[in-house]
Trainee: 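The structure that follows is given in the form of structure tokens.
Here, residue 1 is the first one in the sequence, and each next residue gets the next number.
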Amino acid sequence: MSTPGRPKPAGRAAAAPAAAARGRAKPKSDALRPAYGSLRTPKEPLPPPERQEVRHVGIDASSDGQRLDNFLLKQLPGVPKSHIYRLLRSGQVRVDGGRVKADRRLSAGEQVRIPPIRMADPREPVRPPDRVLNELREAVIFEDANYLVLNKPHGISAHGGTGQLYGVIEAIRAWDKYEYVELCHRLDRDTSGVLLLAKTRPALLRAQRAFKDGDIVKRYFALLIGKWRGEDRDVDAALVKTRLGDQHHVQIDEDGKPSKSRFSPRAKYRDTTLCEVEIFSGRTHQIRVHALALGHPVAGDAKYGQRDDNLPLRERGLKRMFLHSHFLQLPATAEFPKLLLNAPMPDELRNFLQKL
């Protein structure tokens, strides 16, 4: 599908507060999810927890400019964030002998003192299955000396976390191909499309600045429930994220973070509308919550949509959420050229549109 031209500014649509959807249908596991279910059971009893010694880690060029908390998260895989921040507040983590805050930027040549950490589970990280590693190899759509870009399949997270043993970044590191590789941004597990990774520290910082300053162009295709009336519609509504157990839930709140999306209809069907969505911020679940505020939830969205709306679509073959990141642009800088990235719509989504 060709990339449409950038839509002109449109009038704002009033965004109603998002309400929790009733009767949500829990999506069935797809081909990638079974491996996420639980830790494998070891054949032999685990050894008792081990206590590490104090470590002094030198900062090299690859970590120059990185926040201290992010550096510690890499140095202490498996340690909860809450525990890491507790160590920082108590002064047990030091840089060149001095107490520091979590947002302190590190400089090459400094020494970070990491206190002994009792590790509850000394097992090695789980290696993603070869099936997943090969699928992600086939998903590469661009690579140069600075960046690696995937057309990320749905059903796999950008990174491992609660209840997920691995994600894209862990799988790519398991290729054992790169000395350095980091995520520049994230996509929801059930969203497919352009995922940008950096192969050098300067390339990562360039991308992070562009995302932070709003200098990038990000466009998605989303199939929305209902008949669309009119042309482009903007939603400019702040979002706040709350945590319910191990799940995140996002809703519109005037005290939240500024968030703006532009919805442009591209094809209209009997009960649904295919929209191209440009986002001017990158909040968690932004498109999904803004679409709900317009009264047109994303098709197949079990968290924010209605079961009665999604069930007929599922019976017609839609087995996932219809949200795909198809275009990303980074502007040129003094050190890097402009980057234009396109990710074709997956066959399962394209084929479903033909049934409408």
Trainee: Holding to ring pair (Phe, Tyr, Trp, His ring centres under 6.0 Å), I want the full list of residues that pass it with Tyr147, two or more places apart in sequence or in another chain.
Mentor: none

Trainee: Kindly indicate whether the side chain of Leu318, heavy atoms from C-beta on, has any atom under 4.5 Å from the side chain of Arg314.
Mentor: no

Trainee: Show the nearest heavy-atom pair for residues Ala207 and Cys184, with the distance to one decimal.
Mentor: CB-SG, 3.7 Å

Trainee: Decide side-chain contact (heavy atoms from CB on, under 4.5 Å) for Leu196 and Leu330; before the verdict, give the C-alpha distance in whole Å, the side-chain angles of both, and the deciding distance to 0.1 Å.
Mentor: CA-CA 10 Å; Leu196 179 67; Leu330 267 70; 4.0 Å; yes

Trainee: Is it the case that the side chain of His290 and the backbone of Ala237 share a donor-acceptor pair, with hydrogens and angles ignored and the cut-off at 3.5 Å?
Mentor: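 Yes, His290 side chain to Ala237 backbone: donor-acceptor pair under 3.5 Å.
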
Trainee: Please lay out, stage by stage, how Arg127 and Asp130 fare under the test salt bridge (Lys or Arg N to Asp or Glu O under 4.0 Å).
Mentor: CA-CA 9 Å; Arg127 182 181 186 276; Asp130 288 341; 2.8 Å; yes

Trainee: Would you mind reporting whether Gln286 and Ser259 have side-chain heavy atoms less than 4.5 Å apart?
Mentor: yes

Trainee: Would you check if Leu150 and Ile141 make a side-chain contact, meaning some heavy-atom pair closer than 4.5 Å?
Mentor: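 They are not in contact (no side-chain heavy atoms under 4.5 Å apart), so the answer is no.
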
Trainee: Side chain of Asn151, backbone of Pro344: donor and acceptor closer than 3.5 Å?
Mentor: yes

Trainee: Please determine whether a side-chain nitrogen of the Lys or Arg among Arg113 and Asp96 lies less than 4.0 Å from a carboxylate oxygen of the Asp or Glu.
Mentor: no

Trainee: Sub-3.5 Å donor-acceptor pair from the side chain of Thr333 to the main-chain atoms of Phe336, do we have one?
Mentor: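 Side chain of Thr333 to backbone of Phe336, a donor-acceptor pair under 3.5 Å: yes, one is there.
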
Trainee: Is there a side-chain contact (heavy atoms from CB on, under 4.5 Å) between Leu223 and Val298 once you walk through the steps?
Mentor: CA-CA 6 Å; Leu223 186 68; Val298 177; over 6 Å; no

Trainee: Count the heavy atoms of every other residue, nucleotide or ligand shown that sit under 6.0 Å from CD of Glu315, and state whether that count exceeds 12.
Mentor: yes

Trainee: Would you name the heavy atoms of Thr200 and Ala145 that are closest together and state the gap between them?
Mentor: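 In this case the closest contact between Thr200 and Ala145 is CG2-O, 3.9 Å.
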
Trainee: Using 0.5 Å steps for rounding, measure from the CD atom of Glu170 to the CG atom of Leu133.
Mentor: 11.5 Å

Trainee: Given Arg288 and Thr191, is the side chain to side chain donor-acceptor pair (under 3.5 Å) satisfied, shown in steps?
Mentor: CA-CA 11 Å; Arg288 300 161 67 180; Thr191 300; 5.7 Å; no

Trainee: Are Leu195 and Ile172 joined in one hydrophobic group, where the rule is that I, L, V, M, F, W and Y side chains link up if heavy atoms are under 4.5 Å apart?
Mentor: yes

Trainee: Taking all heavy atoms of Leu87 and all of Ser90, pick out the closest pair and write down the distance.
Mentor: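 Here Leu87 and Ser90 meet closest at O-OG, 3.0 Å.
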
Trainee: Within the 4.5 Å heavy-atom criterion, are Met345 and Leu353 side-chain neighbours or not?
Mentor: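 They are in side-chain contact.
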
Trainee: Please determine whether residues Leu294 and Leu323 belong to a single hydrophobic cluster, defined as Ile, Leu, Val, Met, Phe, Trp and Tyr linked transitively by side-chain heavy-atom distances below 4.5 Å.
Mentor: yes

Trainee: Once ring-ring contact (aromatic ring centres under 6.0 Å, His included) is applied, what residue pairs with a partner in residues 253-274 remain, sequence neighbours excluded?
Mentor: none

Trainee: Would a 4.5 Å heavy-atom cut-off, applied to side chains only, mark Pro202 and Leu205 as touching?
Mentor: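 Side-chain contact under 4.5 Å: no.
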
Trainee: Mind telling me whether His249 and Tyr304 have parallel, tilted or perpendicular rings, with 30° and 60° as the class edges?
Mentor: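 Because their plane-to-plane angle lies in the 30° to 60° range, the rings of Tyr304 and His249 count as tilted.
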
Trainee: Which heavy atom of Val194 sits nearest a heavy atom of Ala343, and at what distance?
Mentor: CG2-CB, 3.5 Å

Trainee: Using modelled atom types and a 3.5 Å cut-off, is there a donor and acceptor pairing between side-chain atoms of Asp60 and backbone atoms of Ser62?
Mentor: yes

Trainee: Can you name the closest pair of heavy atoms from Asn146 and Ala203 and give their distance?
Mentor: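 Heavy atoms only, the tightest pair is O-CB, 3.6 Å.
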
Trainee: Please answer whether the main-chain N or O of Gly160 pairs with a side-chain N or O of Ser157 as donor and acceptor at a distance below 3.5 Å.
Mentor: no

Trainee: I need the minimum non-hydrogen distance between Pro128 and Ala171, along with the two atoms involved.
Mentor: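 Closest pair (atom of Pro128, atom of Ala171, distance): CG-CA, 3.7 Å.
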
Trainee: Applying side-chain contact (heavy atoms from CB on, under 4.5 Å) between Leu73 and each of Val79, Leu68, Ile84, report the one that passes.
Mentor: Ile84

Trainee: More than 12 heavy atoms of other residues, nucleotides or ligands under 6.0 Å from NZ of Lys268: is that the case?
Mentor: yes

Trainee: Is the backbone N or O of Gly300 less than 3.5 Å from a side-chain atom of Asn310, with the two atoms forming a donor-acceptor pair by type?
Mentor: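 Between the backbone of Gly300 and the side chain of Asn310 there is a qualifying donor-acceptor contact (under 3.5 Å).
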
Trainee: Does some side-chain heavy atom of Arg283 sit less than 4.5 Å from a side-chain heavy atom of Pro258?
Mentor: yes

Trainee: So, Lys319 and Glu348, do they make that salt bridge, N to O below 4.0 Å?
Mentor: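 No, this pair does not count.
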
Trainee: Is there side-chain contact between Arg233 and Trp228, with heavy atoms separated by less than 4.5 Å?
Mentor: yes

Trainee: Would Phe280 and Val240 show up in the same hydrophobic cluster when neighbours are defined by side-chain heavy atoms closer than 4.5 Å?
Mentor: no

Trainee: Begin with the C-alpha distance, continue with both residues' side-chain angles, and end with the deciding distance and a verdict on side chain to side chain donor-acceptor pair (under 3.5 Å) for Gln208 and His185.
Mentor: CA-CA 8 Å; Gln208 288 178 336; His185 65 120; over 6 Å; no

Trainee: Please determine whether residues Leu187 and Val140 belong to a single hydrophobic cluster, defined as Ile, Leu, Val, Met, Phe, Trp and Tyr linked transitively by side-chain heavy-atom distances below 4.5 Å.
Mentor: yes

Trainee: So Arg189 and His154, side chain to side chain donor-acceptor pair (under 3.5 Å) or not? Walk me through it.
Mentor: CA-CA 6 Å; Arg189 180 174 62 184; His154 85 286; over 6 Å; no

Trainee: Taking the side chain as everything from C-beta on, heavy atoms only, tell me whether Ile114 gets closer than 4.5 Å to Gln75.
Mentor: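 Heavy-atom side-chain distance check passes, below 4.5 Å.
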
Trainee: Could you tell me whether Asp176 and Arg173 have a side-chain N and a carboxylate O separated by less than 4.0 Å?
Mentor: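 A salt bridge is absent here (no side-chain N lies under 4.0 Å from a carboxylate O).
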
Trainee: Would you kindly say whether Arg320 and Ser192 are connected by a side-chain donor-acceptor distance under 3.5 Å?
Mentor: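 Their side chains do contain a donor-acceptor pair, which is all the 3.5 Å distance test asks for.
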
Trainee: Would a distance-only check, ignoring hydrogens and angles, find a side-chain to backbone donor-acceptor pair under 3.5 Å from Tyr166 to Pro129?
Mentor: no

Trainee: Under a 4.0 Å N-O cut-off, is there an ion pair linking Lys260 with Asp236?
Mentor: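 Salt bridge flag = no for Asp236 with Lys260.
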
Trainee: Kindly determine whether Asp69 and Arg67 satisfy salt bridge (Lys or Arg N to Asp or Glu O under 4.0 Å), including the steps that lead there.
Mentor: CA-CA 6 Å; Asp69 51 358; Arg67 280 176 52 130; 2.6 Å; yes

Trainee: Can you run down the salt bridge (Lys or Arg N to Asp or Glu O under 4.0 Å) pairs that involve residues 191-202, sequence neighbours left out, and say none if there aren't any?
Mentor: Glu143-Lys199

Trainee: Return yes if some donor-acceptor pair links the side-chain N/O of Asp188 with the main-chain N/O of Asp190 below 3.5 Å, else return no.
Mentor: no

Trainee: Go through the structure and list residues passing ring pair (Phe, Tyr, Trp, His ring centres under 6.0 Å) with His324, not counting sequence neighbours.
Mentor: none

Trainee: Per the salt bridge (Lys or Arg N to Asp or Glu O under 4.0 Å) rule, what does the pair list look like for residues 97-109, sequence neighbours excluded?
Mentor: Arg104-Glu110

Trainee: Name all residues meeting the side chain to side chain contact (heavy atoms under 4.5 Å, CB included) criterion together with Ala108; count only those two or more places apart in sequence or in a different chain, and write none if there are none.
Mentor: Asp64

Trainee: Would you please test Glu231 and Ser264 for side chain to side chain donor-acceptor pair (under 3.5 Å) and show each step?
Mentor: CA-CA 7 Å; Glu231 298 302 323; Ser264 303; over 6 Å; no

Trainee: Please step through side-chain contact (heavy atoms from CB on, under 4.5 Å) for the pair Trp175 and Leu136, ending with a clear verdict.
Mentor: CA-CA 10 Å; Trp175 291 352; Leu136 293 180; 3.9 Å; yes

Trainee: Answer with yes or no whether the hydrophobic clustering places Leu311 together with Phe352; edges join I, L, V, M, F, W, Y residues whose side-chain heavy atoms lie under 4.5 Å apart.
Mentor: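 They do not share one cluster, since no chain of ILVMFWY contacts under 4.5 Å joins Leu311 to Phe352.
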
Trainee: Assess the side chains of Arg94 and Gln111: does a donor N or O sit below 3.5 Å from an acceptor N or O?
Mentor: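 No, no side-chain donor-acceptor pair sits under 3.5 Å.
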
